[in-house]
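Both ligands and their constituent atoms are indexed starting at 1 by order of listing. Because the structure is a prediction, the values reported are computed rather than measured. What you see below is based on every heavy atom in this structure, not just the backbone, and it leaves out hydrogens, waters and symmetry mates.
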Amino acid sequence: TCAFAGQKKVLAAYEEAVKCGYSGARAGRLHTPHGVFDTPMFMPVGTQATVKAVSPRELKEMGAQIILSNTYHLYLRPGTELVAEAGGLHRFMDWDGGILTDSGGFQVFSLGPLRKITEEGAAFRSHIDGSTQFLSPEIAIKAQMNLGADIIMAFDECIPYPAEYQYAKLSTERTTRWAERSQKAHTRSGQALFAIVQGGMYQDLRRVSANDLVSLDFPGYGIGGLSVGEPKPVMYEMLEQTVPLLPENKPRYLMGVGTPDCLVEAVRYGIDMFDCVFPTRVARNGTAMTKSGRLVVKNAAYAKDFLPIDENCGCYACQNFSRAYIRHLLKADEIFGLRLTTIHNLYFLLDFTKKMRQAILEDRFLSFREEFLAQYCK
Ligand SMILES: CNc1nc2cc3nc(NC)[nH]c3cc2c(=O)[nH]1
Ligand SMILES: [Zn+2]
C-alpha cells in the first residue's frame, strides 16, 4: 500500500512522500532554510568545517544535500563566536546546502579524556591543548546557534557499550532532562532542534527514552548510543524497539551509521538520515567501497589494473582514472590519490541512498534489499 502523508509546517518539517511495501521504509522530503532534501539520505561528515579532501563544489556535484559538522571541534577551534562573526558556518565554509551540527555529546565522551559528568554537564580536557573545558545543554545549544546550522542536536550522553542497566537508566533519564534544557535554551527561529534517543542496549530503556522525548515534541529525532561496538543484530533490535514509537511525520536520524549493509537494514526499519566518517576515513588509507564490498586499491594486485575502481560508477574518479593510477598516487603519498578515493566513497554512499529512495518510490525496496545483501560481503 502506498499512502501519501504530506505536511509543510515548521522548518526541518518532514514530508513523507511514499511509504510502501511491508517494511517501515519510506521516502520523504526534508524542508530546511537551505532547501528541501530527499530522504533516505547520507550526510558526509565535515568535522572541522570541511569534508576532508573535497571541496564544496565537488560535494554539490556528487549530490550531497546536508553535511555534518562537529560542535565539539569547532567550539575548541576556531571557536563558535568566531564562526558567528564570519557570518555563520554556511558562509565560513562556503556551503549553501544543508548543515547539521552534532552537539558535542559523542566527541566529549570519545575524544577528550573525560573528567566528570554531573547533572550540570560534562567536564573534559581538550584533545588539542589539554585545557579543562565544560559542556552543558545551554553551552552546546548556544554554540550551535552561533554556528547557524539548519539542524542542531540536543546535548546528550552517548552511553558507552557495554553499560550496566542501572547506569544506562540513570544516564538516559539525565539525557531526557538535558533535552528539555536544550529545548529551553534554543531560541533561534529557522533552526530545527532534534532530540536524541538513548537507552543503551536495553529494550525497555529505549522505549522509555523514545516516549519521553516524543512527549517533549521535537521536529526530528536522532537515535544515539548505537554503532558504538555492539553486534549489528543488537543495533537492529534497538531500532525495532525505538523507531515505531517515533512520529511517522518526523525525520529519524541514525547517528554514526554506516556501511551499506547497515544502511539498507536501517532504512527497512524506517530511518531517514545517516552520517558516518567511514567512507572518508577508509578512503584515506586507500580502501574503496563497492557494491561487492571493500577494494583495497593500494594492494599490489592492482598495480597493472587499468580498469576504474567500479566500471558502473559515475564518479569523477571512476570516469577518468584507473586503479593502477590511484594505487600509484597512494603509494607515492600524493594528496590527489586520497582525494580520488574519497570522492569515490562519498559518491558511492550518496548514490546508494538515492537508489534506495528510487526503490521505495517504485515499491520494490524489499527486493532491492535482498539483491544488495546477496552481493555485498561485509
Ligand atoms: C551528539 N550526540 C551524539 N552523537 C553520536 C554520534 C555517534 N557516532 C556513532 N558511531 C560512529 N555513534 C554515535 C552516537 C551518538 C550519540 O549517542 N549522541
Ligand atoms: Zn567511483
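Closest to atom 9 (C) of ligand 1 among all protein heavy atoms lies Gly256 CA, 3.6 Å. In terms of protein heavy atoms, atom 10 (N) of ligand 1 is closest to Ser227 O, 2.9 Å. Atom 2 (N) of ligand 1 has its closest protein heavy atom at Asp156 OD1, 2.9 Å. Considering only non-hydrogen protein atoms, atom 5 (C) of ligand 1 sits nearest to Phe106 CB, 3.3 Å.
By the 4.5 Å heavy-atom criterion applied to side chains, Val214 and Lys250 are not counted as neighbours. Between Val45 and Lys52 there is no side-chain heavy-atom pair separated by less than 4.5 Å. Within the 4.5 Å cutoff, the side chain of Met273 has heavy atoms near those of the Ile151 side chain. In this structure, Lys291 and Tyr376 have side chains that are not in contact, with every pair of non-hydrogen atoms separated by 4.5 Å or more.
Of the angles at the Zn ion (ligand 2), the one spanning SG of Cys313 and SG of Cys318 is 110° when given to 10°.
For ligand 1, one of its N or O atoms has an N or O atom of Gly225 under 3.5 Å away. Residue contacts with ligand 1: Leu226 is placed with a nitrogen or oxygen under 3.5 Å of a nitrogen or oxygen of the ligand (distance criterion only). Close N/O approach between Gln198 and ligand 1 is found [any backbone or side-chain N/O within under 3.5 Å].
Using a 4.0 Å heavy-atom cutoff, Met153 is absent from the residues neighbouring ligand 1. Contact annotation: Gln107 has no heavy atom less than 4.0 Å from any atom of ligand 1.
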Stepwise, does the ring-ring contact (aromatic ring centres under 6.0 Å, His included) test hold for Tyr316 with Phe321? CA-CA 8 Å; Tyr316 173 61; Phe321 305 98; 5.4 Å; yes
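Close approach of ligand 1 to Gly224 is summarised as follows: ligand atoms under 4.0 Å from at least one heavy atom of the residue are 16 (C), 17 (O).
The atom of His344 nearest to the Zn ion (ligand 2) is ND1, with the search restricted to N, O or S atoms.
In summary, the side chains of Tyr165 and Asp204 do present a donor paired with an acceptor at a separation below 3.5 Å, with no hydrogens or angles considered.
Sorted by first and then second residue, the pairs that involve residues 135-163 and meet ring pair (Phe, Tyr, Trp, His ring centres under 6.0 Å), not counting sequence neighbours, are Phe155-Trp178.
Note on ring orientation: taking the six-membered ring where Trp is involved, the planes of His73 and His127 are perpendicular (angle over 60°, cut-offs 30° and 60°).
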